[in-house]
Structure formats: structure tokens, C-alpha cells
Peer 1: 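Starting off with a structure, shown below.
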2 protein chains.
Amino acid sequence: MQHTDFSSMPCPVARGLEQVGEWWSILILRDAYYGVTRFDEFRERLGIAPNMLTRRLKKLVEVGMLERRCYNQHPPRYEYVLTDRGRDFRSVVLAFFAWGNRHFAEEGRAVILIDTVTGKEVEPVLTDPATGNVVEGLRYRVVPGPAATDVIRSRHAKLEQARQRSLPADFSQGK
Amino acid sequence: MQHTDFSSMPCPVARGLEQVGEWWSILILRDAYYGVTRFDEFRERLGIAPNMLTRRLKKLVEVGMLERRCYNQHPPRYEYVLTDRGRDFRSVVLAFFAWGNRHFAEEGRAVILIDTVTGKEVEPVLTDPATGNVVEGLRYRVVPGPAATDVIRSRHAKLEQARQRSLPADFSQGK
DNA sequence: CAGTATCCTGTCCGATACTG
DNA sequence: CAGTATCGGACAGGATACTG
């Protein structure tokens with residue numbers, strides 16, 4: 001990315017975006033969750049130019065989302081398999097998937113997530129495993145953590161002040 | 001975006017990326033969840049160039065994530081507040097957040113999500129509300145939905161065939 | 001099958017200056 | 001405070017040709 005370097009930034013969202021912020025990266029991972037591993041299968045399914053595919057795959061290997069593995073000597077053939085980190089990212093893609101299906105499927109859902117055990121469609125939600133509650137609304141908030149810097153703390157304090165001045169009824173509306 | 005037009009594509013992930021696929025969009029929304037609504041507050045917190053901020057805000061309003069609202073006549077002053085759709089996207093950002101904290105916080109978490117009722121840190125997971133199970137592993141799969149086109153179905157069938165030939169032990173590994 | 005090599009275009013983004 | 005206007009650079013992404 002050609003913008004400001006965010007590697008120094010503490011926000012995990014910004015950090016994450018630096019690894020997989022590109023358009024194709026997400027789509028490649030999406031197909032990886034389908035079980036796709038081969039270069040040509042990616043290329044064909046995604047309709048992506050081969051040089052771009054090379055670049056994105058290389059990057060994904062670099063940041064530890066995929067592993068380039070030789071599955072055949074003579075001739076040497078490689079495939080791209082998910083690492084633990086890459087597999088763990090599936091929850092993000094599925095959250096995205098669920099949101100997309102909720103908001104951009106006026107003509108019906110073309111693809112759905114199912115539970116193969118029950119056979120039913122699943123509409124996944126983000127929950128707190130400790131309480132079982134759905135994570136939404138003002139109850140859940142992002143605050144400085146144990147490794148917070150002074151900058152973070154002061155930024156957060158500034159926000160709190162602004163909140164005092166005008167209660168954000170706007171945000172709480174959505175239950 | 002200067003790449004292939006995906007608006008015709010049925011995948012909700014691709015569709016979603018078209019709305020908020022840009023780098024700053026996600027970060028702007030992240031700050032909106034903090035309660036930020038004003039142009040200058042966004043600019044200062046994000047360190048973004050004003051023209052870029054204008055572009056991204058405009059886009060986010062266009063796609064229905066934010067609403068531009070006049071909060072003062074004489075002089076006219078505007079603020080950007082989350083719509084339902086924008087608020088709903090928070091689960092995606094939080095999934096991203098959680099993943100980032102799991103994988104890129106070697107020196108400790110600078111920010112954390114907390115439950116303000118219990119006061120405890122929350123590590124949210126994606127679950128199926130119907131069964132209460134965590135959505136992960138091969139049990140959950142994406143398949144053609146009710147509005148699937150022939151293209152989707154045949155692509156899916158093709159994948160199934162490939163799966164028969166080589167069971168993807170790779171993907172199931174990760175439990 | 002799994003890429004590499006080249007060339008080109010669009011646009012994301014930053015920097016800076018200016019305005020009601 | 002909330003932007004607009006203009007400029008330039010970097011790179012994502014596309015198209016195409018070629019290789020072991």
C-alpha cells in the first residue's frame with residue numbers, strides 16, 4: 001500500500017488490513033476455504049490475471065496465511081494450503097459473508113452457509129463465549145488494553161470527553 | 001476500483017468488498033463505532049488527508065453506511081452518523097479486530113474489547129445461534145442458495161469433484 | 001500445470017494551499 | 001469547523017505473450 005505506514009499503529013484492525021487489505025487477498029482466501037489449492041484453479045475461478053495471482057499468493061505466503069507446498073517432484077508442482085492463521089481468518093470472511101447476505105441479496109441469496117450436521121442454514125452471529133450474549137450495542141466497547149501506549153490512552157480520554165458533551169444517542173439507537 | 005466489475009457477482013463477500021473494500025473505509029467505520037461523527041475528528045484521529053476523507057465519507061454515504069446530517073444551521077454544519085447497515089457492519093470489524101489481536105499482538109494487546117456489564121475482556125467468536133456451536137471447521141460449509149444461478153451450481157459441482165479426487169485433509173486439520 | 005515477463009492504465013492516497 | 005482544488009507518486013490490477 002502506498003499510504004502511511006501503519007505498522008507502528010497499535011490497532012489490530014489497521015494491522016490486519018496491512019496483511020490482507022487488498023481486494024484479491026480476501027477473495028483468494030475465500031476460495032481457499034472452499035478447498036481450492038492450485039494456481040490454475042484459483043485463476044479460473046477468480047478470473048484473475050496470472051501475474052496478479054502470483055503477487056497476491058506471494059504476499060499471502062509472506063504474511064503467513066498460506067503455505068506454499070510441493071506436492072510433486074518431477075515435475076515440481078506446488079499448491080497453496082491454509083496455515084492456522086489463514087484458517088482462523090475464516091471467521092472474518094464469514095462475518096463479512098453474513099453481513100453481505102443480510103444487506104445485498106434483494107433477489108435472494110445465491111450462496112448460503114449451512115451446518116452439514118443439521119442440514120440447516122446458518123446465520124452466524126458474533127457472541128461472547130463467556131456470557132453467551134450477542135456482541136452488539138453500547139454494552140461492548142473497545143478500550144485501551146494492557147499494552148496501551150500513552151498516545152492511545154490520551155486519544156481515548158479525548159473521546160470520553162466528547163461523549164460527555166453530547167451523549168451519542170445515535171449509536172445506541174440500534175439497540 | 002479499477003478491476004473487473006463484480007456487481008454482477010453473486011458472492012456476498014465480493015459485493016461487500018465493492019462497498020467498503022477500500023482501506024480507509026474500514027478505519028473510518030471503526031472510528032464511527034467509537035462515536036466519532038465530525039469531519040475534523042476523523043481527520044485528526046486517522047491522520048488522513050482531507051480530500052481523501054471527503055471521498056471516503058461520500059462513498060460511505062452513497063452505499064448507505066453513513067448518513068450526512070445537518071446538526072446546525074447558520075452556519076451549516078454536518079456530521080456523519082451510522083445507519084443501520086453501517087452499525088450492522090460492526091460485527092465484521094470486531095471479527096477482524098479479534099483476529100488481529102490473536103495474531104499480531106506479540107507485545108501485548110494495545111486495545112481490547114470489554115463487556116461493560118461484567119467489566120471483563122471479551123474475545124468474541126462466531127457462533128450459530130440455532131445450536132450455539134462455534135462456526136468453524138468442515139462442519140460448516142458454503143453452498144449454493146435458493147437464488148443460485150446455473151453458473152454457481154456448476155462451479156460448486158466442479159469443486160465437489162475435485163474434493164472426491166483428493167480429500168482435503170489440509171483444511172480439516174485445523175479442527 | 002504453474003507460473004514469469006512486459007507494458008499499460010486507473011486510482012488510491014499524500015501533500016499542500018485555499019475558502020466560507 | 002468542514003471542507004474544496006490541484007498536483008504528483010506509487011502501485012494495484014488488466015492484457016497479453018511466453019516458458020519448462
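Residue numbering restarts at 1 for every chain, and letters A, B, ... go by the order of the sequence lines.
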Peer 1: So is A/R45 actually on top of A/Y34's ring, under 6.0 Å and inside 45° of the axis?
Peer 2: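 Satisfied, under 6.0 Å and within 45°.
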Peer 1: Expressed in angstrom and rounded to an integer, what is the separation of A/L46 atom CG from D/dA15 atom P?
Peer 2: 14 Å
Peer 1: What is the distance from CG of B/L53 to P of C/dA15, rounded to the nearest Å?
Peer 2: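 The answer, rounded to whole Å, is 14 Å.
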Peer 1: Would you say B/Y80 places a side-chain N or O within less than 4.0 Å of OP1 or OP2 belonging to D/dC1?
Peer 2: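 No.
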Peer 1: Whether A/T54 contacts C/dT4 is assessed here as follows: a side-chain N or O lying under 4.0 Å from the phosphate OP1 or OP2. Is that the case?
Peer 2: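 A/T54 to C/dT4 OP1/OP2: side-chain N or O found under 4.0 Å.
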Peer 1: Per the atom types in the model, does the base of C/dG14 pair as donor or acceptor with the side chain of B/N51 at under 3.5 Å?
Peer 2: yes
Peer 1: Salt bridge or not between B/K59 and B/E22? Use side-chain N to carboxylate O under 4.0 Å.
Peer 2: yes
Peer 1: Hydrophobic clusters here meaning ILVMFWY residues chained together by side-chain heavy-atom distances under 4.5 Å, can you tell me if B/V13 and A/V125 are in one?
Peer 2: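 Looking at the clustering, A/V125 is in a separate group from B/V13.
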Peer 1: Give a yes/no on whether any side-chain N or O of B/W24 is located under 4.0 angstrom from OP1 or OP2 of C/dG14.
Peer 2: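 It does, given that an N or O in the side chain of B/W24 lies less than 4.0 Å from OP1 or OP2 of C/dG14.
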Peer 1: So does A/R43 get a side-chain nitrogen or oxygen closer than 4.0 Å to the phosphate oxygens (OP1/OP2) of C/dC1?
Peer 2: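 For A/R43, the contact criterion (side-chain N or O under 4.0 Å from OP1 or OP2 of C/dC1) is not met.
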Peer 1: Just how far is it from atom CE of B/M65 to atom CD1 of B/I26, taken to the nearest 0.5 Å?
Peer 2: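 Those atoms lie 8.0 Å apart.
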Peer 1: Mind calculating the distance between NZ (B/K59) and C1' (C/dC12) to the nearest angstrom?
Peer 2: 12 Å
Peer 1: What pairs with A/Y78 under side chain to side chain donor-acceptor pair (under 3.5 Å), at least two apart in sequence or on another chain?
Peer 2: none
Peer 1: Which whole-number value in Å describes the distance from A/N72 CG to C/dG3 P?
Peer 2: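 Rounding to the nearest Å, CG of A/N72 and P of C/dG3 are 13 Å apart.
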Peer 1: Mind listing the N/O atom pairs, protein and nucleotides 17-20 of chain C, below 3.5 Å?
Peer 2:
none

Peer 1: Expressed as a whole number of angstroms, how long is the span from B/I48:CD1 to C/dC13:P?
Peer 2: 8 Å
Peer 1: Rounding to an integer number of Å, can you tell me how far A/E22 CD sits from C/dG10 C1'?
Peer 2: 16 Å
Peer 1: Using atom CZ of B/R56 as one end and atom P of C/dG14 as the other, report the distance to the nearest whole Å.
Peer 2: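 Between P of C/dG14 and CZ of B/R56: 10 Å.
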Peer 1: Establish, yes or no, whether the cationic atom of B/R102 lies under 6.0 Å from the six-membered ring centre of B/F97 and within 45° of the ring axis.
Peer 2: no
Peer 1: Given atom CZ of A/R55 and atom P of D/dA15, what is their separation to the nearest angstrom?
Peer 2: 14 Å
Peer 1: Can the ring centroids of A/F89 and B/F96 be said to lie less than 6.0 angstrom from one another?
Peer 2: yes
Peer 1: Return one dot-bracket line describing DNA chain C 5' to 3' (Watson-Crick or G-U wobble pairs, both distances under 3.5 Å; ( ) same strand, [ ] crossing, | another strand, . none).
Peer 2: ||||||||||||||||||||
Peer 1: Taking atom CD of B/E67 and atom OG1 of B/T83, what is their separation to the nearest 0.5 Å?
Peer 2: 8.0 Å
Peer 1: Do B/R68 and B/Y80 meet the criterion of a side-chain donor-acceptor pair at a distance under 3.5 Å?
Peer 2: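 Present: a donor and an acceptor within the cut-off.
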